[in-house]
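Counting convention: from 1, in listed order, for ligands and their atoms alike. The residues of the chain are indexed from 1 along the displayed sequence.
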Amino acid sequence: MQDAIDALRGRGLSRIESAATADELEAARIDLLGRKGEVTALLRGLKDVPADERPAAGAALNRLKLELTDAFAARERDLRGAGEAVTGLDLTLPGAAPVPLGTAHPLLTVLEEICDIFYGLGYDRGDGPEVELDYYNFTALNFPDDHPARDIQDTFFLSDKTLLRTQTSPVQVRVMEQVTPPLAYVFPGRVYRNENADASHSSEFFQIEGLCVDREISLVDLRQTVDAFVERFFGAGFETRFRPHFFPFTEPSVEVDMQCVKCGGKGCGVCGQTGWLEIMGAGMVHPRVFAAAGYDEDAYTGFAFGMGIDRIAMLKYGVDDIRLLYENDLRFLNQFRGVL
Ligand code: PHE
């Protein structure tokens, strides 16, 4: 009996020691200490040992069992230390490293901030497709067939009749097809132009369009709306001005400037020494656009404006390269954590 015990000790300990994974160790445990294992078999054999040797043999077997159990525990600790998951995974344990929280992208934060200001002025929010029909992007907006903006050099055409919208203005027509005046809407969204990227150009960017239609809307309403927006977004004290411009879908058309956010109008690098920053295109809705939308062009007047959200965000946060807004470099984005 003693010989059998010694042999099993030698074999058992070396098997435990050489178990390289949790599974191998568990298999060894079953073979040695399991219900049908070798130690159990020896214990069962005790009854055949002569009565006077039995107590000593029993005690020796019990020592062997304890020795093997200790060896299992030690090997289990070693394997776990080496990165082996020996026991079941405890899902309730806290993670080893903190999981960093994400933060809203500055562009989307500014977009929502602008929308909130217009909600405060009584505007609703609308939406339109980025893959747009040539009809809505150009024809219904009174662009002549040979207008240069339709050129493949400016517009990403997907087919003869479909394109990636170059502006949010097509949503004007889509909204007017659905809604009878009076109405006031903003529609923010992504637009696309076939441009080479540089510090101030990107082939995709965001615009927010505004549209307000009723019976006696005038340029003065536009002016007051622009001023209310500038005051609420940039703070009090910035003057605005309208410069005559041309858009096919508004008449008259203007470009809107505000006093430079950096120098307040004295002239600096941000405003090219002029003291003014262009912030949007705008104008009174052209009667042909009303006609395309099915409105009685004699009954209604309205204004529309279109603003580049990227530009507004860059002015607000002093970002000097539009590409930073699209590269998703965490060193850039982390600067807005907790700021916005
Ligand atoms: N859609 C014009 C642009 O992209 C901006 C604009 C919108 C101008 C509405 C007038 C009225 O430049």
Trainee: Which protein non-hydrogen atom lies closest to atom 5 (C) of ligand 1, naming both residue and atom, and how far is it?
Mentor: G306 CA, 4.0 Å
Trainee: Side-chain contact test, heavy atoms from C-beta onward, threshold under 4.5 Å: evaluate it for M314 versus I322 and give yes or no.
Mentor: yes
Trainee: So does R232 pair up with D116, basic N to acidic O under 4.0 Å?
Mentor: no
Trainee: Counting only heavy atoms, which portion of F249 has something under 4.0 Å from ligand 1: side chain, backbone, both, or neither?
Mentor: side chain
Trainee: Any nitrogen or oxygen of Q167, side chain or backbone, less than 3.5 Å from one on ligand 1?
Mentor: yes
Trainee: Thinking salt bridges, do R125 and E112 make one under a 4.0 Å N-O criterion?
Mentor: yes
Trainee: Nearest to atom 9 (C) of ligand 1, what protein heavy atom do you find, and at what distance?
Mentor: E209 OE2, 3.2 Å
Trainee: Would you say the side chains of T162 and D134 form a donor-acceptor pair under 3.5 Å?
Mentor: no
Trainee: Note the single closest protein heavy atom to atom 12 (O) of ligand 1, along with its residue, its atom name and the distance in Å.
Mentor: F247 CE2, 3.8 Å
Trainee: Using heavy-atom distances only, which candidate in E255, M280, Q207, H245 approaches atom 4 (O) of ligand 1 most closely?
Mentor: Q207
Trainee: Show the atoms of ligand 1 that are less than 4.0 angstrom away from any heavy atom in R193.
Mentor: 3 (C), 4 (O)
Trainee: Is the distance between the ring centroids of F305 and F118 under 6.0 Å?
Mentor: yes
Trainee: Distance under 4.0 Å to a non-hydrogen atom of S169: what atoms of ligand 1 satisfy this?
Mentor: 1 (N), 7 (C)
Trainee: Quick test of your reading of the model: are E204 and R193 salt-bridged, counting only N-O distances below 4.0 Å?
Mentor: no
